[in-house]
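Below is one structure, written out as structure tokens; the observations come after it.
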Number of protein chains: 2
Amino acid sequence: MDSSISVTTDVVIFALRGDDLQVLLVKRKLQPFAHQWTIPGGHVIPHESLEDAAVRVLFEKTSVRDIHMEQLYTFGDVKRDPRGRTITVTYLALVPGPLAVEPGPDTDDTEWKSVYKLPEMGFDHANIVTYALKRLRYKLEYSAVGFRMLPPEFTLTQLQRAYETVLGQKLDKRNFRRRILQAIVIEQVNKRTSGEGRPAMLYRFRDDAVSEVKTRRLFP
Amino acid sequence: MDSSISVTTDVVIFALRGDDLQVLLVKRKLQPFAHQWTIPGGHVIPHESLEDAAVRVLFEKTSVRDIHMEQLYTFGDVKRDPRGRTITVTYLALVPGPLAVEPGPDTDDTEWKSVYKLPEMGFDHANIVTYALKRLRYKLEYSAVGFRMLPPEFTLTQLQRAYETVLGQKLDKRNFRRRILQAIVIEQVNKRTSGEGRPAMLYRFRDDAVSEVKTRRLFP
DNA sequence: GCCGCTTCGTGTCTTAGTGACGCTTTAGAG
DNA sequence: CTCTAAAGCGTCACTAAGACACGAAGCGGC
């Protein structure tokens, strides 16, 4: 019926691959915007909460759960979906490392794409990704969510690379370490057996610390 | 029909009265939650955007337009409305000074209530107000939206009072002035004829400055 | 086992920002 | 003229931030 409003959720899923920040996109099979890239999403089912719907969409695409996810913004322009009035509650998800993904039933293809070279996208999804990137950068500057895109144990250099990749700028090694250690990371006993160079100490995120601690700017 | 989701918008409207931060509440006439306080809201009409709906609700309650308003969060728990599945896209509005308000057709009463002494509230609206207050404080610390709750021309002491009232703490006069002036306020020629004490210089917000400038923390 | 390569890990100094703090000035009322 | 009430203003000590370079630890090849 045309007098009601459809509710969907779309999830911007970020991951790091090498020195690139990537977002998971799916290529639509159906109209509208057939054969165009979009971020994964779906209708919210009446008996599931918004959060549950977003978790479900994420799981369907990546088979991961229990990762960082937060509500981003709700987009609700009247003409954003040509099929009829639809609002979308968007979420931002950070997954650790690059994951293998398979195209779903309604998609031609599923791929990780660099946020620095985004393809044309259907609906208002290009806006959504841009907004999500802005938010991610903002969060990285002020809080400590960087961990969430790394494996459970990581080196400080890996972490610094992650920050540099997301923020799109080089950071000073010593200042980075000083600042990140003044916050809430615990060090590990394990050494690392890297093929190249001197082994690095591994760190892991402290469970007892809240990742969202509001600190002074970490990287102004 | 029970298989669809209703979309509403609710607006948390803050204003200062004296040394109190207040929120506009309406007392419902109808079930559910009849005779309980809620924040003003209404259904989103299919041919209006979310933002337009929020502006409309605000106007219906306060007869003001063109004030600071921003999207807050979208609440969508399954059981938040006993009538059926409803999500609400909430907005935060700041209005200058206390405004007279009249109860609308579906409300018993409309009143400004102190955020420090909130009554029991229907739906999940107590949560929403709490969340809005948290967001407002956060914004005040980092940006300069304090102006938006004052008349167009104001003294620095008034502005400081506003910050103190919202943040719930005293601030140092000289440090406050130093910081606020290092940002984006323009001074005025007018003196003020206060009954009490030495007249103060009036200031007004600079149109050419963006109120949302991200500064270093103003008041940590 | 020595050398060379690669990456890890560390400290200091300079500059800028933050927080604490009290007294003089101005106008109105009596 | 005096009193009262609020406005307006500057300094100093401390902390945070940014710039900057080199020795240490493993590994692989010879």
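In what follows, chains are A, B, ... by sequence order, proteins preceding strands, each numbered from 1.
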For B/Ser49, all residues meeting side chain to side chain donor-acceptor pair (under 3.5 Å), sequence neighbours excluded:
B/Asp52
Take atom CD of A/Gln169 and atom P of D/dG18, then tell me their distance rounded to the nearest Å.
10 Å
Between P of D/dC9 and CG of B/Asn175, the distance in whole Å:
14 Å
With a 4.0 Å cutoff (strictly under), does any side-chain N or O of A/Arg179 reach OP1 or OP2 of D/dG18?
yes
Between CG of A/Leu202 and P of C/dC8 the distance, given in whole Å, is 11 Å
I want to check one thing: is the phosphate of C/dG9, taken as OP1 and OP2, less than 4.0 Å away from some side-chain N or O of A/Arg177?
yes
Counterpart residues, side chain to side chain donor-acceptor pair (under 3.5 Å), relative to A/Gln158 (two or more places apart)
none
Please check if the side chain of B/Gln160 supplies one atom and the backbone of B/Leu171 the other of a donor-acceptor pair under 3.5 Å.
yes
Partner residues of A/Glu153 under the salt bridge (charged side-chain N to carboxylate O under 4.0 Å, His left out) criterion, sequence neighbours left out
none
Not counting sequence neighbours, which residues clear side chain to side chain donor-acceptor pair (under 3.5 Å) with A/Arg174? List them please.
none
Between D/dA17 atom P and A/Ile180 atom CD1, what is the distance in whole Å?
12 Å
Quick one: salt bridge (charged side-chain N to carboxylate O under 4.0 Å, His left out) partners of B/Arg80, sequence neighbours excluded?
B/Asp124
In whole angstroms, the gap separating C1' of D/dG8 from CG of B/Leu156 amounts to 9 Å
Polar pair under 3.5 Å, donor/acceptor by atom type, side chain B/Arg178, base D/dG10:
no
Just how far, in rounded Å, is P of C/dG9 from CD of A/Gln158?
11 Å
Counting only side-chain heavy atoms from C-beta out, which of C/dC21, D/dA17, D/dG8 sits nearest to B/Arg174?
C/dC21
Which is more 5' along DNA chain D, the nucleotide nearest B/Thr155 or the one nearest A/Asp172? Just name the residue.
B/Thr155
In whole Å, what is the span from the CE atom of B/Met201 to the C1' atom of C/dA27?
14 Å
Without decimals, in angstroms, what is the distance between A/Phe176 CZ and C/dT10 P?
14 Å
Annotated protein contacts, base or backbone, on nucleotides 22-30 of chain D with a non-hydrogen cut-off under 4.0 Å, one of B, S, - each:
-BBBBS---
Do any N or O atoms from the side chain of B/Arg135 and from the backbone of B/Leu72 form a donor-acceptor pair under 3.5 angstrom?
yes
